[in-house]
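Each residue takes its place number in the sequence, starting with 1.
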Amino acid sequence: MAVKIIILPILTLFSIILPLANSIDFHYPIVFNFGDSNSDTGGLAAGLGFRLAPPNGQIYFKTSSGRFCDGRLILDFLMDAMDLPFLNAYLDSIGVPSFRKGCNFAAAGSTILPATATSVSPFSFGIQVAQFLRFKARVIELMAKSKKFVKYLPKEEYFDEALYMFDIGQNDLAGAFYSKSFDQVLATIPTILVEFENGIKKLYDQGARNFWIHNTGPLGCLTQNVARFGTDPSKLDELGCVSAHNQAAKLFNIQLHALCIKLQAQYLDANVTFVDIFNIKFNLIANYSRYGFEQPIMACCGYGGPPLNYDSRISCGQTKILNGTSATAKGCSDSTAYVNWDGIHYTEAANQYVSSQILTGKYSDPPFSEKMPFLLKLKF
């Protein structure tokens, strides 16, 4: 079994101050998250009425948690670092979920652009923002009626003080490559970001002031994309990743970063933080052995064996008849040795590494301030 050693700072400063931003209280009472499977804590499974099969959830939750992962997501680690509970999915009504400390509107497969008839998820960014608006209105309505809801719902003033987190856009790019040329994919980026900006504006108009925005990761290094678009070795880079996908992600991120700078200049009373997830993940894949991993691209849970252990016809945990024979996409014996969990998503071990790098503050614009009124409690 691989021994995973991740060196973490005992105390890490955490801030999202921009040069033009006003001072704010960093003790965020609640968090609202918007995104895709990178931060989905059960939204799509609840919304479409399905259950993720084991071994999803095997590491931390010991059962399927609605997360496309063997354990915790980056969002979970960040919530833990802020000493806040894991976010419940907006669409998950079972188990008397508490939304007192926030709510998660993310759903796997979601895009920034409006969903189409062929979309994996109908819960695109605009829908997620609309769900938040309904959530806020309903909370205010219920809290005005009775104080008995205080155990489950946030106070009205917390909406203005909350941290609003975003990790979405990956599916817009990855999905476009199935029907568009490289140049056509790049041509969609401005439209995607206009839609994203519109959503941010709606949230700002509702009082949101603290925005935490992740850029998109190296799409070309996902097993699924290597299997589908990397059959020609000339299409791969030195790491074995699909060059076009990563180039599109980089260009998307450049424009997203520019948008964040524009938003900060436009909303002087807001705090907009851009987090460079791409470089954290790319560094992990490029230097995987340095961080205790053995497989940077091959999926842990899949079917087909090396070099990719991925078959698009069968998802992690499923059993199907392929070519007349029963086949099961099984998990590997030690997921901590793998960066990739199921061909599309990262393992808990990889998510832990990415989270530890986010919390150094080096990958954010602006970098974390040294004027922090409190220190995060890291519980990795």
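Residues that satisfy the salt bridge (charged side-chain N to carboxylate O under 4.0 Å, His left out) test with R313, not counting sequence neighbours, are D311. With sequence neighbours excluded, no residue forms a salt bridge (charged side-chain N to carboxylate O under 4.0 Å, His left out) with K155. Listed by chain and residue number, Y267 satisfy the ring-ring contact (aromatic ring centres under 6.0 Å, His included) test with Y204 (two or more places apart in sequence, or in another chain). Not a single salt bridge (charged side-chain N to carboxylate O under 4.0 Å, His left out) links K362 to another residue, sequence neighbours left out. Listed by chain and number, the residues in a disulfide bond (SG atoms under 2.5 Å apart) with C301 are C316 (sequence neighbours excluded). Judged as a side chain to side chain contact (heavy atoms under 4.5 Å, CB included), and not counting sequence neighbours, the contacts of H345 are S37, F68, D342. With sequence neighbours left out, F99 forms a ring-ring contact (aromatic ring centres under 6.0 Å, His included) with F135. Remark: R138 engages E141 in a salt bridge (charged side-chain N to carboxylate O under 4.0 Å, His left out) (not counting sequence neighbours). Residues passing the side chain to side chain contact (heavy atoms under 4.5 Å, CB included) test with D205, sequence neighbours excluded: K201. Under the disulfide bond (SG atoms under 2.5 Å apart) criterion, C221 pairs with C241, not counting sequence neighbours. By the side chain to side chain contact (heavy atoms under 4.5 Å, CB included) test, S312 is found to be paired with Y310, residues two or more places apart in sequence or in another chain being considered.
Other members of the cluster containing L322 are Y303, I314, with ILVMFWY side chains joined at under 4.5 Å, either directly or via other members.
For F293 and Y338, the gap between ring centers reaches or exceeds 6.0 Å. The six-membered or imidazole ring of H245 lies near that of F177, with a centre-to-centre distance under 6.0 Å. A distance of 6.0 Å or more separates the ring centres of Y346 and Y353. The aromatic ring centres of F159 and F32 sit less than 6.0 Å apart.
Using bins of under 30°, 30° to 60° and over 60° for the plane-to-plane angle, the ring pair F105/F132 lands in the perpendicular bin.
Side-chain N or O atoms of T41 include one that pairs as donor or acceptor with a backbone N or O of L87 at under 3.5 Å. Of the possible polar contacts, none joining the K151 side chain to the K148 backbone as a donor-acceptor pair under 3.5 Å is found. Not a single donor-acceptor pair under 3.5 Å links the side chain of D167 to the backbone N or O of N38. Not a single donor-acceptor pair under 3.5 Å links the side chain of D36 to the backbone N or O of A107.
Placement of L284 and I344 in two distinct hydrophobic clusters is found when ILVMFWY residues are connected by side-chain heavy-atom separations under 4.5 Å, directly or transitively. Residues I192 and L219 fall within the same hydrophobic cluster, defined by Ile, Leu, Val, Met, Phe, Trp and Tyr side chains chained together at heavy-atom separations under 4.5 Å. If you chain together hydrophobic residues whose side chains sit under 4.5 Å apart, V129 and V194 never meet in one group.
A salt bridge links K262 with E197: the distance from a Lys NZ or Arg NE/NH1/NH2 to an Asp or Glu carboxylate oxygen falls below 4.0 Å. A salt bridge links R209 with D269; the closest basic N to acidic carboxylate O contact falls under 4.0 Å.
Summarising the local packing, CD of E156 is surrounded by 12 or fewer heavy atoms from other residues, nucleotides or ligands at distances under 6.0 Å.
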Quick one, F252 with F278, criterion ring-ring contact (aromatic ring centres under 6.0 Å, His included). Give me CA distance, side-chain angles, the key distance, then yes/no.
CA-CA 11 Å; F252 173 87; F278 183 99; over 10 Å; no

Worked verdict on D70 versus T347 for side chain to side chain donor-acceptor pair (under 3.5 Å)
CA-CA 6 Å; D70 58 329; T347 60; 5.0 Å; no

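With no hydrogens or angles considered, no side-chain donor-acceptor pair links T325 and N323 at under 3.5 Å.
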